[in-house]
Peer 1: 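Please read through the structure below; I'll follow up with questions.
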Amino acid sequence: MTQHLARISARKPVVTILVWILVALIGIGLSAQLLSSALTTELKLGSGFESQRAEQLLEDRMRGPKPITEMVIVQSESLTVDDPAFQDRVTSLTGQIQALGDDVIDQTLNYYVLSQENPLQAAVLVSQDRRTTLVPVIMTGDLQEAEDNVHYLLDLAKEENGKDGFLVLTVGDASISLERNELSERDLQQGERVGVPVALIILVLLFGAVVAALVPIGLALICVVAALGLAAIIGQFYELVFFVQLMIIMIGLAVGIDYSLIIISRFREELEKGLSAFDATVKAGETAGRTVLFSGATVVVALCGMFVVPFGFFQSLAIGAILVVIIAVAASLTLLPAVIALMGTRINTLSIPKFGRSGTSTGPNHEGGFWDRITHIVMRNPLLSVVLVGAPMIVATYFYFDIETGLNGVDVFPEEAETREAFFVMEEEFSFGLINPTEVVIDGDLADPNVMGAVQQLQGALLADPAFPLPTLLEPNPANDLGLLRVVIPGEPASHSAVDAVNTIRDTHIPAAFDGVDAEVLVGGNTAVAAEVFDVVAQYTPIVFAFVLGVSFLILMLVFRSIVIPIKAVFMNLLSVGTAYGLLVLVFQHGYGRDLLGFQEAEVIDVWIPLFLFSILFGLSMDYHVFLLSRIRERFDQTGDNREAVAFGLRETAGLITGAALIMVAVFGAFASGQTIINQQVGFGLSVAILLDATLVRSVLVPATMEMLGARNWYLPGFLRWLPDVRIEPAEEHQSPATG
């Protein structure tokens with residue numbers, strides 16, 4: 001199939017290129033018009049989860065959609081809320097907020113207005129030292145609309161901050177989401193500014209020609225914009241998380257460049273042999289194109305494991321990554337053949353002497369080179385090589401068991417972030433839980449004495465528990481068949497302490513108060529969602545691991561007709577991933593090298609990152625494994641000499657695998673240099689795992705273990721001999737496809 005695609009594209013290169021340019025332009029237009037409205041920063045679980053059922057009850061029978069509240073903080077170092085000057089300042093600011101209009105603000109009030117109506121509730125808006133007060137502002141519309149408009153409130157706070165000695169800040173779901181998006185946008189730009197030029201430099205060194213290096217960059221960018229356009233369309237029907245944009249750009253740049261590198265290398269080698277541009281293109285499509293097709297399919301299969309998790313965040317990330325990988329494969333098998341067929345030998349334009357050689361290959365008979373020497377050293381001392389490389393990786397993996405997962409929030413935003421400063425003021429003077437209270441929903445007849453007795457017992461238990469500093473008031477709906485208790489929990493809503501408090505409400509206080517009472521009690525709110533996310537990830541992680549490992553094992557067994565090869569591959573890929581996990585813990589949680597690398601301190605690794613890294617890394621590292629082993633297997637079939645086949649396969653692939661890995665490391669590392677801790681953790685984890693996998697694992701552990709096992713590497717039990725013989729690349733009479 002890949003050969004036919006290459007032939008068709010090479011015969012009509014201009015048409016093929018124009019079609020892809022049109023696709024890219026449509027992608028740019030769609031992403032510019034629709035993408036921002038298709039993305040959300042809200043964590044959502046399915047309707048079957050308790051928090052979502054609680055929210056649905058409130059929406060249907062009490063208040064409608066959840067109001068989006070911002071807290072404007074007004075603080076003075078010298079005045080208290082009892083001073084006329086303080087009151088004048090707050091009254092004036094409230095008027096300015098109201099002047100923003102109904103399109104932005106639904107309603108607002110302040111301590112002075114509320115104290116006339118409800119002194120008890122008004123007291124909550126003043127700090128203990130009475131030098132700080134809160135001005136609650138309910139934004140118009142849902143979270144998306146509030147995000148679009150909250151910048152007016154932020155701008156007003158920034159303009160008023162510092163006037164007459166008053167600190168004025170604002171914080172809430174909308175402002176936090178907006179600032180998180182802005183920080184992510186900055187990280188995207190940073191990643192592109194750094195990652196693309198570094199990748200270009202590596203490509204120039206690998207190819208030894210500037211034009212050849214520019215082609216993969218161009219193809220990767222086309223893949224990214226096309227995938228963003230498709231994501232924008234999908235987002236109109238299925239809500240995608242904002243982080244999917246980063247995933248598409250990061251993964252798209254990495255695999256787009258990687259796949260192009262493989263095909264262009266083979267094309268240039270075929271030109272060297274004297275083939276015409278057309279024939280070289282078809283040959284590259286037949287050989288390297290099949291490798292790309294299999295590699296992409298492997299990544300997609302690994303990512304499909306994330307659909308097992310009933311959590312829209314994981315499914316969104318999987319959709320984004322799968323989209324861009326499929327597009328990268330399609331472009332590599334159609335657009336790239338069209339481009340290289342049209343360029344022919346001009347692809348070597350602007351050559352750089354002493355770098356790359358035209359085919360970037362050392363040639364099948366080239367012995368004595370760097371990778372050949374490494375292979376012979378390793379295979380002369382296989383057991384020692386396994387111990388020297390494997391032992392430190394196992395030690396690093398051990399630290400994974402110290403991992404603390406959670407959800408990093410506004411408290412780990414960069415220090416200059418306005419909402420971060422507001423968070424700490426809120427937490428110090430009040431409780432951040434005032435913005436995001438946990439919502440206990442009582443579905444029952446509130447006129448029933450048994451139900452009301454249970455409610456009062458629950459209120460008493462919460463008041464007696466030091467985890468809940470403020471008393472709760474029952475808010476009934478008009479029909480008096482649904483009640484709401486807003487429970488203030490200190491700290492960041494997704495922190496472990498807050499989640500533990502919610503679990504205490506669910507598992508201890510509610511069962512004790514409502515035992516035998518005819519009412520259903522549900523717990524909702526952001527912290528309840530976080531608690532359920534943690535439970536879901538813990539429950540489904542083993543299932544995802546089993547799915548990805550099982551499918552990968554079956555694929556490798558079919559490709560290499562061996563049960564030893566897939567067992568080793570699974571173990572080695574797990575070792576790479578485990579090492580990356582351990583290093584994440586060492587750097588971000590324990591602080592080793594954190595300052596040197598410029599990363600932020602984090603008490604937790606985001607709960608979704610280990611599972612996401614596993615799916616991505618297992619797919620990408622399997623690429624390299626198949627790439628290497630397909631050459632070894634092909635040579636072994638020709639010669640029957642295991643040692644020579646391993647040496648041949650490694651020296652033919654190691655250079656290109658290392659170069660491709662360095663490009664991925666450059667792209668992922670560029671995103672790790674961003675300001676947000678999520679991007680730092682993801683970028684660092686991907687970079688480390690890919691680098692270790694493409695160097696230590698492929699150049700040391702694979703040849704060492706294959707030398708130790710000898711012909712047993714290719715053992716397939718008799719009862720499995722009926723399996724079809726699947727090949728990644730067609731066997732050739734003299735030599736296999738150049739990849740190194």
Side-chain angles (χ1 to χ4, degrees), residues 41 66-77 79-81 86 89-90 93-94 97 105 108-112 114 121-139 143 146-147 150-151 153-154 156-158 160-162 165-180 183 406-439 466-472 486-499 501-502 525-527 530 603:
T41 56
K66 182 181 179 180
I68 307 301
T69 302
E70 288 287 315
M71 288 290 186
V72 177
I73 303 167
V74 183
Q75 184 179 66
S76 172
E77 291 185 3
L79 302 177
T80 70
V81 293
F86 201 120
R89 190 75 183 84
V90 171
L93 183 62
T94 304
I97 293 170
I105 305 300
T108 184
L109 50 76
N110 57 47
Y111 163 72
Y112 303 102
L114 189 58
Q121 287 188 0
V124 177
L125 301 180
V126 178
S127 64
Q128 193 171 359
D129 65 4
R130 303 185 69 77
R131 298 184 188 276
T132 309
T133 188
L134 300 176
V135 180
V137 178
I138 298 178
M139 304 294 294
L143 180 60
E147 280 181 34
V150 76
H151 67 92
L153 190 61
L154 283 165
L156 176 60
K158 190 181 296 185
E160 295 299 313
N161 189 27
F166 284 91
L167 175 73
V168 180
L169 300 168
T170 187
V171 64
D173 286 346
S175 55
I176 290 171
S177 293
L178 177 67
E179 196 151 28
R180 181 184 287 115
L183 289 168
L407 289 170
N408 286 295
V410 64
D411 54 329
V412 291
F413 277 14
E415 289 188 6
E416 66 271 16
E418 296 171 41
T419 50
R420 181 182 189 271
E421 182 184 359
F423 164 82
F424 284 110
V425 174
M426 275 287 299
E427 192 61 21
E428 182 180 352
E429 302 295 342
F430 303 93
S431 169
F432 193 68
L434 286 171
I435 294 177
N436 282 302
T438 294
E439 299 176 324
F468 312 105
L470 297 176
T472 58
R486 300 180 193 271
V487 183
V488 173
I489 300 176
E492 223 284 334
S495 66
H496 278 296
S497 60
V499 168
V502 160
N526 289 356
T527 305
E603 294 182 1

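Reckoned from all heavy atoms, side chains included, excluding hydrogens, waters and symmetry mates. Just so it is clear, the structure is predicted and the values come from calculations on it, not from any experiment.
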Peer 1: Are Leu125 and Pro136 side-chain neighbours, meaning at least one heavy-atom pair lies under 4.5 Å?
Peer 2: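 Answer yes - side chains close enough.
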Peer 1: Which atom pair, heavy atoms only, marks the closest approach of Pro490 to Ala498?
Peer 2: O-CB, 4.4 Å
Peer 1: Could you tell me whether the side chain of Thr170 reaches within less than 4.5 Å of the side chain of Leu154, counting heavy atoms only?
Peer 2: yes
Peer 1: For Pro437, check side-chain contact (heavy atoms from CB on, under 4.5 Å) against everything at least two apart and list the hits.
Peer 2: Arg486
Peer 1: Looking only at non-hydrogen atoms, find the nearest pair between Val171 and Met426 and report the distance.
Peer 2: CG1-CG, 3.9 Å
Peer 1: Tell me, which pairs form a salt bridge (charged side-chain N to carboxylate O under 4.0 Å, His left out) where one or both residues lie in residues 408-419, sequence neighbours left out?
Peer 2: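 Sorted result for residues 408-419: Lys158-Glu418.
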Peer 1: Within a strict 4.5 Å, meaning less than it, do heavy atoms of the Ile97 and Val72 side chains meet?
Peer 2: yes
Peer 1: Name all residues meeting the side chain to side chain donor-acceptor pair (under 3.5 Å) criterion together with Glu429; count only those two or more places apart in sequence or in a different chain, and write none if there are none.
Peer 2: none
Peer 1: If every non-hydrogen atom of Ala146 is compared with every non-hydrogen atom of Met139, which pair is closest and at what distance?
Peer 2: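 Heavy atoms of Ala146 and Met139 come nearest at CB-CB, 3.8 Å.
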Peer 1: Sort out for me which residue in Asp173, Thr527, Thr69 forms a side-chain hydrogen bond (donor to acceptor under 3.5 Å, both in side chains) with Asn436.
Peer 2: Asp173
Peer 1: What residues, two or more places apart in sequence or in another chain, satisfy ring pair (Phe, Tyr, Trp, His ring centres under 6.0 Å) together with Phe413?
Peer 2: none
Peer 1: Do Arg420 and Pro414 come within less than 4.5 Å of each other through their side chains, counting heavy atoms only?
Peer 2: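 Not in contact.
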Peer 1: Is any side-chain heavy atom of Phe432 less than 4.5 Å from a side-chain heavy atom of Pro493?
Peer 2: yes
Peer 1: Which pair of heavy atoms, one from Ala494 and one from Leu407, lies closest together, and at what distance?
Peer 2: CB-CB, 3.5 Å
Peer 1: Does a salt bridge link Glu160 with Arg89, judged by any charged N lying under 4.0 Å from a carboxylate O?
Peer 2: yes
Peer 1: Residues in side chain to side chain donor-acceptor pair (under 3.5 Å) with Ser431, at least two apart?
Peer 2: none
Peer 1: Among all residues two or more places apart in sequence or in another chain, which pass the side-chain contact (heavy atoms from CB on, under 4.5 Å) test with Glu421?
Peer 2: Leu167, Leu169
Peer 1: Sequence neighbours excluded, which residues qualify as ring pair (Phe, Tyr, Trp, His ring centres under 6.0 Å) partners of Phe86?
Peer 2: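 Expected list: Phe166.
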Peer 1: Test your reading of the model: is there a side-chain donor-acceptor pair from Arg131 to the backbone of Glu77, 3.5 Å cut-off?
Peer 2: yes
Peer 1: Can you tell if the side chain of Val487 reaches within under 4.5 Å of the side chain of Leu470, non-hydrogen atoms only?
Peer 2: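 Answer no - side chains too far apart.
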Peer 1: Rounded to the nearest 0.5 Å, what separates atom OG1 in Thr419 from atom CD in Glu179?
Peer 2: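 Going from the OG1 atom of Thr419 to the CD atom of Glu179 covers 3.5 Å.
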Peer 1: Among residues at least two apart in sequence or on other chains, which ones pass side-chain contact (heavy atoms from CB on, under 4.5 Å) with Ser497?
Peer 2: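 Applying side-chain contact (heavy atoms from CB on, under 4.5 Å) to Ser497 gives Ser495.
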Peer 1: Return yes if some donor-acceptor pair links the side-chain N/O of Glu70 with the main-chain N/O of Ser175 below 3.5 Å, else return no.
Peer 2: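 Judged by distance alone, yes, a pair lies under 3.5 Å.
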Peer 1: Would you name the heavy atoms of Glu492 and Gly409 that are closest together and state the gap between them?
Peer 2: OE2-CA, 3.4 Å
Peer 1: What distance separates Leu143 CG from Ser177 OG, expressed to the nearest 0.5 Å?
Peer 2: 5.0 Å
Peer 1: Closest approach of Val135 and Leu109, non-hydrogen atoms and distance?
Peer 2: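 Reported closest heavy-atom pair: CG1-O, 3.3 Å.
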Peer 1: Return the set of residues passing side-chain contact (heavy atoms from CB on, under 4.5 Å) with Pro67 (not counting sequence neighbours), or none when no residue passes.
Peer 2: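 Residues passing side-chain contact (heavy atoms from CB on, under 4.5 Å) with Pro67: Arg63, Ile138.
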Peer 1: Checking side chain to side chain contact (heavy atoms under 4.5 Å, CB included) against Tyr111, which of Val124, Thr94, Val126 comes through?
Peer 2: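 So, applying the side chain to side chain contact (heavy atoms under 4.5 Å, CB included) to Tyr111 and each of Val124, Thr94, Val126, only Val126 qualifies.
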Peer 1: Does Phe430 have any ring pair (Phe, Tyr, Trp, His ring centres under 6.0 Å) partners at least two apart in sequence or in another chain, and if so, which?
Peer 2: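 Phe430 satisfies ring pair (Phe, Tyr, Trp, His ring centres under 6.0 Å) with no residue once adjacent residues are dropped.
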Peer 1: Identify, with sequence neighbours excluded, every residue that meets side chain to side chain donor-acceptor pair (under 3.5 Å) alongside Ser127.
Peer 2: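 Once residues adjacent in sequence are excluded, the partners of Ser127 under the side chain to side chain donor-acceptor pair (under 3.5 Å) criterion are Asp129.
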Peer 1: State which residues pass side chain to side chain donor-acceptor pair (under 3.5 Å) with Thr438; sequence neighbours excluded, sorted by chain then number.
Peer 2: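 Listed in chain order: nothing, the list is empty.
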Peer 1: Below 4.5 Å, heavy atoms only, C-beta onward: do Val74 and Thr132 meet side chain to side chain?
Peer 2: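 Sidechains of Thr132 and Val74: no contact.
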